[in-house]
Every structure is written in C-alpha cells, then in structure tokens.
There are 2 protein chains.
Amino acid sequence: MKTNNKYLAIYQELSEGIKQGLVKVNETLPSENELAVQYDTSRETIRKALNLLAQNGYIQKVKGKGSIVLDVTKMSFPVSGLVSFKELSQNLGRTSHTAVEKFGLIKPGNFIMQQLNLGAHDEVWEVVRSRKIDGENIILDKDYLNRKHIPFLTKEICEDSIYRYIEEELKLKISFAKKEIVVEECTEEDFNYLDLINFQHIVVVKNHVYLEDTSLFQYTESRHRLDKFRFVDFARRGH
Amino acid sequence: MKTNNKYLAIYQELSEGIKQGLVKVNETLPSENELAVQYDTSRETIRKALNLLAQNGYIQKVKGKGSIVLDVTKMSFPVSGLVSFKELSQNLGRTSHTAVEKFGLIKPGNFIMQQLNLGAHDEVWEVVRSRKIDGENIILDKDYLNRKHIPFLTKEICEDSIYRYIEEELKLKISFAKKEIVVEECTEEDFNYLDLINFQHIVVVKNHVYLEDTSLFQYTESRHRLDKFRFVDFARRGH
DNA sequence: AAGTGGTCTAGACCACGCC
DNA sequence: GCGTGGTCTAGACCACTTA
C-alpha cells in the first residue's frame, strides 16, 4: 500500500493503535491541536483522519470533550463492506477451501442480462464456486462478469481470488456495490454443491459491483447456509 | 430540521435534485469551483457536501472528470442505516399497524444484563411490539431500554414511536449502533405473535444502540419473517 | 476562562482526463 | 494546456464542556 496521503497514514496509525489496545476504551485521544503538533500537520488534516475513524466505528467525537475511543473488539467483519471471500477468510483465520464448480464463457439468459444491463451480443463469464469452512460446504458464490471489462479469465484465477486478479493484474479499480440481502428457497444447485442438512431456505447476498468509471461489471450471488450466516455493521444515525 | 450548516444545506439541496431526477443519471454535476460560486462559498465547503453525496451513493467522483450522478432509484431503504419502524413505514407508504404485546419495567435476566452491561440493581423497560403490514403480522420488535437513560415511558409512546419520544421529548441524541443480522429458529413467542405460516426460522436484526456520550442505552431484536426480510446497502470499497 | 471539536475561508500545489 | 477533483495549510470564529 503506497500512500502519499498524510491523513490516511495518520488514520491507519491511530486505528492500529486502537485495535491493539494501546489506547484504552472510553478514554479520549489527544486533542486535534495536540495531534496536529505530534504529526507536524494542520488541524484539518488531523480532522480528516479522525472523521475516518468515526465513520468506521473506532471513535466517537463529542463537542467540548474530545474523541472517545470505542470498543472495537466485538466487531468481527464477516460480510460487511465490500471484501472478497479470500480477504475475509484470511482475516478470520479459519481453515477454508474454494472449489470451482462451474467455469465458462456464456451467452447470458434474461435474468443476468437484466442484472448487468447487457445487449443481445454480450458475453459473460460464469463462475460458480463452493466455499468449504471447517469441513463443510457452506457458501455458494455465483459470479457473472461482463466480458467487456474482463476479456480473459481462467479457472486457476478463480481458485485464487478474482478480485486480486482484477485489481492487481488488470489494474481495474473496483469502486462501489449495491448490496441486497434476502432469504430464498433452496435450489437444486444449492443442494448439489452445499451441505445443507435440513434447511429449506438460504440467505442470498446479491451484489451489483461497479468500477471507478461507474460502469457495472459484475453481478454476484453469495448463497449462505442459514445457520452460518452473519452480517455485522456499524451505523451512524442521521445526516 | 434547523441547520446552520452550509454544507448540509447544500447536500440536502443536491440530493433532493438527484432523487427527483432534476439531474440526469450518468451526467456530471457542475464542477466544484462552479458550485462554490453558485452557492457563494469556498471549495472545501462544497467538497464536504459532495463527500456526503458520494458516501450515500448519490454520486461517484472521478478525478479529472467530475462528479457523476448515480442511479439512486433502485435504492429503497428497508432496514439500512439506523431508522425506526415508523420512519420506515412512512417512507414506504405501506399500510401498517403496531400492537404493543408486552410493556413493563423489569429486572433483566442474564442475557439482557450482558447485552446492556447492567449491574444487579438496574432496571430496564421491556417492550414487545408486533408490526402488521398489509394485513399480516410480520415483524416482532423486542426492545430493552436502560432506565438510567429513559426514566419514564408509557404504552402510548410505544404505540407511536419510541425514538421520536427519546429524541424530541427527552432531547437525547441517538448516535450510533452496532448491528448484527443472523437467522435463528423460531421461538414460542414468534409463533404467538406473528403469522409465520410454515417457517421454522426467522431473521433477527440485533442492535446495540448508543447515545452521543457513547453510553449504551438500548438493545433491540427485530425479528422478521423470512420471506418478507430485505436489507439493502450501498458499500464503497477500501480506504 | 480555557480547552475541545465544528464550521468556514482563501489560497496553494498535485495527479489525472481530455482536447 | 486546461479543467477536473485530491490534498494540505494557517488562520478564523463558533458552540460546547468542564473547572
């Protein structure tokens, strides 16, 4: 990670300190003026860093008092934000394994054409992967990627991490996603590839993923066994 | 809404314009310098407003190009962020009704004591409400509020909106929440108060809600019938 | 009264897209 | 080269908490 950004560097240093418990929960950080001196920068730059901390649940800023450190230990991050399975499983440190169940270039059906705003002659990569955690197949990821943006793809890449390939090799910038979580009835496919025990329903996380230039390049369904699904989030009220 | 804030006023004006389609999707907003002149303010203030728009999925900023307007029409907001049922149902314009099934001051059991970090002599308000939408009881909200922060409460307030009472009458500022979404097996209580048809599982949204001074004052479980649950979110990648 | 965070300003330089 | 957004600065005034 190369950053020429002072405020990002400060954010990372402070957030690391909080995660590692160097600052005690419910105590305040040094004041903005003190931090500006410590980091040899202006107050506005410090404030950018602190605002990032506040957005991500590390601190609560209180006028007249200071920036109070929040308890961040409870916040494991299973599905929140926009991270790939590989990043997730690394964070959690679980034994996990990915199997590519389907891989190929297809003419999309109506549903996928609609999800990706495709024309009649567009092609998409279809990738279906099952995720095994602690010995059980629990997650089925179905990815559809517009060939316009991803001209080349291999099974090997899918076994590793598609996002890593897209960002590091293709140098495309993944920017944002619209996420939807719903519960659906299990399909044949779910039964085939997952260890479903007796569950009749499955949690589906649907993602429309966009690049930096706002073009839609991927539609994903991440299908999770009911009992293993967990989503955590930090939410601020208002604006 | 009284705001002495220029940047908030600008944010609201621009977001209204986008929601109402006054600016076309995929076109750019006026440049930051132009907006600074239009609103008779500095560029940094404009940038604060635009950053809010970007965070909330209204625009995508692209260096060298401008601020591209995103398609915001698909984003209905069922459970996202931190909003009360009353605010939600008003937004969605559905016919809905709230019934208070349980109401009282209790000595909390172990589970609630843990969730709210309570001592042996603390008391909490327990409120259980069912939510009827389009003729079916679909959501069961179980609220536990620390009496330290909410000394007085009535059944009538719960039939209207607890949050409205807390914010407008008590003038407390609800600041942030840690949210968790999981699926659990239905309980007796779920069967009693909800129209569950044949479902054996239920989606549970657990919230720990904090005030501005970082004190935890409420634990809530919002229990949704599987087929009626939907959560949408807008997520940006990285930092 | 002193210290805190919240807002706002007017300017500067940079990296990037486009013509 | 010009216009765009991204970062940074040094200063100002305000609202709020605490002593």
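All chains are named by letter (A, B, ...) in the order of the sequence lines, taking the proteins before the strands, and each is independently numbered beginning at 1.
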Using whole Å, what does the distance between atom [atom2] of nucleotide [N] and atom [atom1] of [X] come to?
X: Glu212(A); N: dA15(C); atom1: CD; atom2: C1'; value: 12 Å
X: Lys63(B); N: dC16(C); atom1: NZ; atom2: P; value: 5 Å
X: Lys61(B); N: dG17(C); atom1: NZ; atom2: C1'; value: 16 Å
X: Ile68(A); N: dG5(C); atom1: CD1; atom2: P; value: 10 Å

Could you say whether Lys65(B) or Val62(A) is positioned toward the 5' end of DNA chain D, judged by the nucleotide with the nearest heavy atom to each?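 Counting from the 5' end, the first nearest nucleotide belongs to Lys65(B).
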Just wondering, do Lys206(B) and Lys179(B) contact through their side chains at under 4.5 Å, heavy atoms?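 The answer is no, as the side chains (C-beta and beyond) never meet within the 4.5 Å cut-off.
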Are Cys158(A) and Lys155(A) side-chain neighbours, meaning at least one heavy-atom pair lies under 4.5 Å?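 Result no, sub-4.5 Å side-chain heavy-atom pair not found.
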Could you tell me whether the side chains of Glu44(B) and Ser42(B) share a donor-acceptor contact shorter than 3.5 Å?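 No pair is found: no donor N or O on one side chain lies under 3.5 Å from an acceptor on the other.
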What residues form a ring pair (Phe, Tyr, Trp, His ring centres under 6.0 Å) with Tyr210(A), not counting sequence neighbours?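 For Tyr210(A) the ring pair (Phe, Tyr, Trp, His ring centres under 6.0 Å) partners, ignoring immediate neighbours, are Phe176(A).
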Return the orientation label for the Tyr219(B) and Phe111(B) ring planes: parallel under 30°, perpendicular over 60°, tilted otherwise.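 If you compare the ring of Tyr219(B) with that of Phe111(B), the planes turn out perpendicular.
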First and last nucleotide of DNA chain D in contact with chain B, 5' to 3', at under 4.0 Å to a heavy atom: what are they?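 Reading along DNA chain D, I get dG3(D) to dC8(D).
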Within a radius of less than 6.0 Å around CD of Gln114(B), do more than 12 heavy atoms belonging to other residues, nucleotides or ligands occur?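 No, CD of Gln114(B) has 12 or fewer neighbouring heavy atoms, counting only those of other groups under 6.0 Å.
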Can I get a per-line list of side-chain donor-acceptor pairs under 3.5 Å for residues 146-153 of chain B, giving both atom names and the distance, sequence neighbours left out?
unit_1: Asn146(B); atom_1: OD1; unit_2: Lys148(B); atom_2: N; d: 2.9
unit_1: Arg147(B); atom_1: NH1; unit_2: Glu123(B); atom_2: OE1; d: 2.7
unit_1: His149(B); atom_1: NE2; unit_2: Ser215(B); atom_2: OG; d: 3.3

Salt bridge or not for [X] and [Y], using N-O below 4.0 Å?
X: Glu167(B); Y: Lys173(B); answer: no
X: Asp122(A); Y: Lys107(A); answer: no
X: Asp143(A); Y: Arg129(A); answer: yes

I need the residues from residues 33-48 of chain B with at least one non-hydrogen atom less than 4.0 Å from DNA chain D; give them sorted by number, or say none.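 Within residues 33-48 of chain B, the residues near DNA chain D are Arg43(B), Glu44(B), Arg47(B).
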Please collect all salt bridge (charged side-chain N to carboxylate O under 4.0 Å, His left out) contacts where either partner lies in residues 50-69 of chain B, sequence neighbours excluded, each pair once.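 Every pair satisfying salt bridge (charged side-chain N to carboxylate O under 4.0 Å, His left out) with a residue in residues 50-69 of chain B: Glu32(B)-Lys61(B).
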State, to the nearest 10°, the angle formed by the axis through the first five base pairs of the helix from dA1(C)-dT18(D) to dC18(C)-dG1(D) and the axis through its last five.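 Answer rounded to 10°: the end axes differ by 10°.
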